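Right, one structure below, let's go through it.
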Amino acid sequence: MTRKSTKLQHGLTSLACALPLLMACAHAEGNWQTVHSAGNPIISDGQNFTTDPAPLVADGKLYILTGRDTAAPGVNDFIMPEWQMLETEDPASHTWKYNPHFVRPEAVFKWATPARAYAGQIVQGPDKRYYMYAPVVEAGSKNKDPFAIGVAVSDTPTGPWTDAHPAGPIVSQSYPVKNDIENIDPTVLVDDDGRIYLYWGTFGRLKAVELENDMVTFKGQPVDIHGLKGFFEAPWLFKRNGTYYLMYAGNAAGPESDCTEAVYYACQAYGTARSPLGPWTYQGVLLDPVSSTTSHGGIVRYKGKWYLAYHNADAPGGDHFRRSVSIDEVTWDDSITPALIDKVIPTHPPAPPPAPTRNIAPAARIVASNSPVPVQYWIKALNDGKVHENPLPPDTWGTWSPNNPAQQWVVYQWEQPLKFNGSRIRFWNDQPAGSGVGVAAPKAWHLEYWKEQKWLPVPNASGYGTSTDAFNDVTFDTVETRCLRAVFDASTDGKTYAAVAAQEWEALYPKPVLVEPADTDIPASPVCAAE
């Protein structure tokens, strides 16, 4: 095909792609496709899931290296066989070239096993070649944890790639110096003076070292990094106006946390330093928790603007293990030194008009008998409209504690009295009925409403099911109230009591109406007292 005919074909392809929502169209070269998206996430076809974005600016283009999530719905595991690549000349155009099969670990590193293509990063070295730092599993490893970091090299950011250190990984639990952390999530900075710095780590452990000009050899001993509040994983090192920034996934959890209420979720936090190896000063949160429990991002400057690439579970069919990359602009507060990062508010394509619904639970504020809820759970899960096939703990409201009481409750509160004649609840369990430990469906439960300064049972309830496989529906005579309370009698073996957990609790208005979600950061009153 001549250059002219290639250009014509590309024009026809682009025209065909200019359809509503998203369509992927074949690019003329290899695995590359041209994608026109409606906005975030960039790939939203419900079939291809992108994760762990690592942006790179090269050749006048913005690239994003991503992983690929292939876990089946309901599978709670990171099934990640390969890396993918996105490329654009203008993020605002929503036009990207996309390679869903960019490279596999075993295709580059002969010492690596297939799959587990975790979060990597590509940087340009002092020799103008490109280096891909990739956490993979070392085949035949005798280390307690087999994860290791390899480095591939290429003359271009799109490959082909060869192993820059064919002897094996440049970091493992036994090479070049022993360590006891899981060696994943590398991030690399080539400083203005040509010196190279590598950070890596997870599960609250973070290490850093300077590299030699060969991009693979330690220059001195690695150091342990401290001072970053709630560091969990996913470090990202960059520099702006002489200040070093280290962004990371933080999970310092609790009701007063500036990061996250639930420990399974993470925010994107950051610190600053005057030198590339610290010491670091915590500065705050730049991205609140997203819809996936994990949070992983990268920041780059491109054509005079700064961008944050991150992932979430917002694509159709998305979940905690089926994540998708989004990108938004980053702005700065340069009125102080060091400059701070303004909090990024995720953008989304225009949503369809909300449909009327009988479930007006999203408009309620919530309080529970175990408030503040233990950090492994999230009370907001009760009325977020989401039910997961295989939920993680923060997908539920739960009451587990070392000594569970015989009875627990949760209250919905609205701003004014409303009418109700039904409810639905979806329980979750990890123990069978009759258990006195773990989480089990309640032995019994019932609904109450607030009237004349006291709680009364809803009249003529149809029955209270305790299935954990489906919603349990209850109908009752219409009541008018500001508050509903669900009261749970815990499962017991006669000696101790199990906890209760629910994914979703719906409160049903007599007819469908439009519902505006409440600010669930403001708790309800447990006695439904007028404010």
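Throughout, residue positions are numbered sequentially from 1 according to the sequence presented. What you see is a predicted model; the values in this text were computed from it and never measured.
Legend: residues meeting side chain to side chain donor-acceptor pair (under 3.5 Å) with Arg322, ordered by chain and number and at least two apart, are absent. In this structure, His94 has no ring pair (Phe, Tyr, Trp, His ring centres under 6.0 Å) partners at least two apart in sequence or on a different chain. Remark: Tyr307 engages no residue in a side chain to side chain donor-acceptor pair (under 3.5 Å) (not counting sequence neighbours). Applying the ring pair (Phe, Tyr, Trp, His ring centres under 6.0 Å) test to Tyr131 and every residue at least two apart in sequence or in another chain returns nothing. Residues forming a ring pair (Phe, Tyr, Trp, His ring centres under 6.0 Å) with Phe231 (at least two apart in sequence, or on another chain): Tyr248. Here Phe232 pairs with Phe203 under the ring pair (Phe, Tyr, Trp, His ring centres under 6.0 Å) rule; sequence neighbours left out.
Judged purely by atom type and a 3.5 angstrom limit, Asn370 uses its side chain to pair as donor or acceptor with the backbone of Gly398. Formation of a donor-acceptor pair under 3.5 Å by the Ser369 side chain with backbone atoms of Trp409 is found in this model. Remark: the backbone N or O of Trp428 is not paired with any side-chain donor or acceptor of Thr468 at under 3.5 angstrom. Formation of a donor-acceptor pair under 3.5 Å by the His296 side chain with backbone atoms of Ala234 is not found in this model. Ser462 contributes a side-chain N or O that, together with a main-chain N or O of Thr475, makes up a donor-acceptor pair within less than 3.5 Å. Side-chain N or O atoms of Trp83 include one that pairs as donor or acceptor with a backbone N or O of Tyr118 at under 3.5 Å. In this structure a side-chain-to-backbone donor-acceptor pair under 3.5 Å is missing from Asp77 to Ile79. Panel note: side chain Ser491, backbone Ser435; a donor-acceptor pair is recorded below 3.5 Å. A donor-acceptor contact shorter than 3.5 Å is absent between the side chain of Gln84 and the backbone of Asn99. Asp69 places no side-chain N or O within 3.5 Å of a backbone atom of Phe49 that could act as its donor or acceptor partner.
In the model, Gln268 has a side-chain atom that pairs as donor or acceptor with a side-chain atom of Ser295 under 3.5 Å. Ser291 and Asp314 share a side-chain donor-acceptor pair at under 3.5 Å. Between the side chains of Gln503 and Arg426, no donor N or O sits under 3.5 Å from an acceptor N or O. Judged by distance alone, the side chains of His311 and Thr294 do bring a donor and an acceptor atom under 3.5 Å apart.
With rounding to the nearest 0.5 angstrom, the CG atom of Asn359 is 10.5 Å from the CH2 atom of Trp505. If you take CZ on Phe488 and OG1 on Thr399, they are separated by 9.0 Å, rounding to the nearest 0.5 Å. Here the CD1-CG distance, from Ile184 to Asp52, works out to 8.5 Å after rounding to the nearest 0.5 Å. Summarising the geometry, atom CD1 belonging to Ile327 is positioned 11.0 Å from atom CD1 belonging to Ile299; distances are rounded to the nearest 0.5 Å. How far CD1 of Ile122 is from CD1 of Ile64: 11.5 Å, rounded to the nearest 0.5 Å. To the nearest 0.5 angstrom, Asn40 atom CG is 4.0 Å from Thr347 atom OG1.
Looking at Asn312 and Pro346, their side chains never come closer than 4.5 Å, going by heavy atoms from C-beta outward. At a threshold of 4.5 Å between non-hydrogen side-chain atoms, the residues Phe102 and Asn31 do not count as touching. Contact check for Phe78 versus Arg323: side-chain heavy atoms found under the 4.5 Å cut-off. Tyr412 has its side chain out of reach of Ile360: every pair of non-hydrogen atoms, C-beta onward, lies at least 4.5 Å apart. Contact check for Ile43 versus Val35: side-chain heavy atoms found under the 4.5 Å cut-off. Side-chain contact between Trp400 and Gln376: present, with at least one pair of heavy atoms (C-beta onward) separated by less than 4.5 Å. Side-chain contact check for Arg68 versus His101: some heavy-atom pair is nearer than 4.5 Å. Side-chain contact check for Trp397 versus Ile366: every heavy-atom pair is 4.5 Å or farther apart.
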Verdict with reasoning, Phe238 to Arg301, per side chain to side chain contact (heavy atoms under 4.5 Å, CB included): CA-CA 10 Å; Phe238 66 102; Arg301 186 175 186 268; over 6 Å; no
Intermediate values then yes/no, side chain to side chain contact (heavy atoms under 4.5 Å, CB included), Asn472 and Tyr464: CA-CA 7 Å; Asn472 298 280; Tyr464 295 100; over 6 Å; no
Intermediate values then yes/no, side chain to side chain contact (heavy atoms under 4.5 Å, CB included), Asp384 and Trp378: CA-CA 11 Å; Asp384 65 1; Trp378 206 336; over 6 Å; no
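In this structure, Lys110 does not pair ionically with Asp163, as no charged nitrogen and carboxylate oxygen lie closer than 4.0 Å. Using a cutoff of 4.0 Å between basic side-chain nitrogens and carboxylate oxygens, Lys386 and Asp319 are not scored as salt-bridged. A salt bridge links Arg365 with Glu415; the closest basic N to acidic carboxylate O contact falls under 4.0 Å.
Enclosure of atom OH in Tyr130 by more than 12 non-hydrogen atoms of other residues, nucleotides or ligands within 6.0 angstrom is indicated. The number of heavy atoms from other shown groups lying within 6.0 Å of NZ (Lys305) does not exceed 12.
Taking the ring centroids of Trp414 and Phe420, they lie under the 6.0 Å cut-off. Residues Trp332 and Tyr245 place their aromatic rings such that the two centres sit under 6.0 Å apart.
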